[in-house]
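We count ligands from 1, going down the list as the structure has it; atoms in each ligand are counted the same way. Basis for what follows: all heavy atoms, side chains included, without hydrogens, waters or symmetry-related copies. Keep in mind that what you see is a predicted model, and the values were worked out from it rather than measured.
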Amino acid sequence: MDSKKQIDKVRKQDKKKILFVCLGNICRSPAAEGVMEKMLKEENLDKNFELDSAGLYAGHAGELPDRRMRIHASRRGYDLTHRSRPVKISDFDEFDLIVAMDNSNFDRLRAFAPSPEAEQKVVRMIDFVKGFPGYDYVPDPYYEGAEGFELVLDLLEEGCRNMIEDLR
Ligand code: 4NP
């Protein structure tokens with residue numbers, strides 16, 4: 001698969017730059033960035049990675065992650081301090097992997113990519129998640145209750161753990 005090739009390529013690089021993308025950049029993608037950052041620090045791998053997150057909808061630009069997301073994340077030890085920003089075309093140059101939270105994000109990022117090489121950088125978060133067979137994307141928790149936020153964190157923890165294994 002395309003994404004496997006891209007991951008093999010990134011694994012060989014000293015510095016691996018990863019951008020997590022969702023719709024608003026206030027729930028799923030800043031949480032993914034926070035989870036990944038903590039896991040990398042614990043493994044002493046943080047020097048080899050550069051992380052950021054962005055959204056396909058600019059309406060929350062400048063905002064901290066959604067308060068509910070910050071509360072659920074902090075209970076698991078993740079401190080989410082990212083400020084929402086929209087995806088920009090230069091992100092396709094800047095980053096090696098652009099990780100989409102759902103299939104709409106994935107399709108829009110692929111369509112937005114300025115070249116076939118840039119398109120190959122776009123992968124799905126859920127493809128790194130193996131322990132939740134009922135899910136084929138990371139669901140938007142924005143209109144959900146507490147369990148929606150917990151589910152997102154469960155999926156992201158498993159996905160980030162596997163992504164680190166694939167890239168180390
Ligand atoms: P996210 O969640 O994409 O995980 O950040 C959302 C946040 C805000 C909106 C949609 C999704 N919104 O439409 O405002």
What part of Asp140, side chain, backbone, both or neither, has a heavy atom within less than 4.0 angstrom of ligand 1?
-> side chain
Can you sort out which atoms of ligand 1 are near Tyr57, meaning under 4.0 Å from one of its heavy atoms?
-> 14 (O)
Between Thr81 and Leu64, is there a donor-acceptor pair closer than 3.5 Å when you use the side chain of the first and the backbone of the second?
-> no
Determine, stepwise, if the pair Arg85 / Asn25 fulfils side-chain hydrogen bond (donor to acceptor under 3.5 Å, both in side chains).
-> CA-CA 7 Å; Arg85 70 151 176 101; Asn25 191 213; over 6 Å; no
Tell me yes or no: between the side chains of Tyr78 and Glu33, is some donor less than 3.5 Å from an acceptor?
-> no
Run the numbers for me: atoms of ligand 1, each under 4.0 Å from some heavy atom of Leu23, listed by number.
-> 3 (O), 10 (C)
Numbering the atoms of ligand 1 from 1, which are under 4.0 Å from a heavy atom of Cys27?
-> 1 (P), 2 (O), 4 (O), 5 (O)
Atom 1 (P) of ligand 1: the protein heavy-atom neighbour that sits closest, reported with distance to 0.1 Å = Cys22 SG, 3.5 Å
Hey, what's the ring geometry for Phe112 with Phe92, parallel, tilted or perpendicular (30° and 60° as the breaks)?
-> perpendicular
For atom 9 (C) of ligand 1, what's the nearest protein heavy atom and its distance?
-> Tyr142 CD2, 3.9 Å
In terms of residue, atom name and distance, what is the protein heavy atom nearest to atom 12 (N) of ligand 1?
-> His60 NE2, 3.8 Å
Just by modelled atom types, is the Leu167 backbone N or O under 3.5 Å from a matching donor or acceptor in the Arg11 side chain?
-> no
At under 4.0 Å between heavy atoms, what of Asn25 touches ligand 1? The answer is backbone
Considering non-hydrogen atoms only, spot the tightest contact between His60 and Ser84 and give its length.
-> O-CB, 3.1 Å
Distance under 6.0 Å and angle within 45° of the ring axis: does Arg75 meet both against Phe149?
-> no
Ligand 1 atoms in contact with Ile26 (distance to a heavy atom under 4.0 Å) | 5 (O), 7 (C), 8 (C)
Ligand 1 versus Met101: contacting region, heavy-atom distance under 4.0 Å | neither
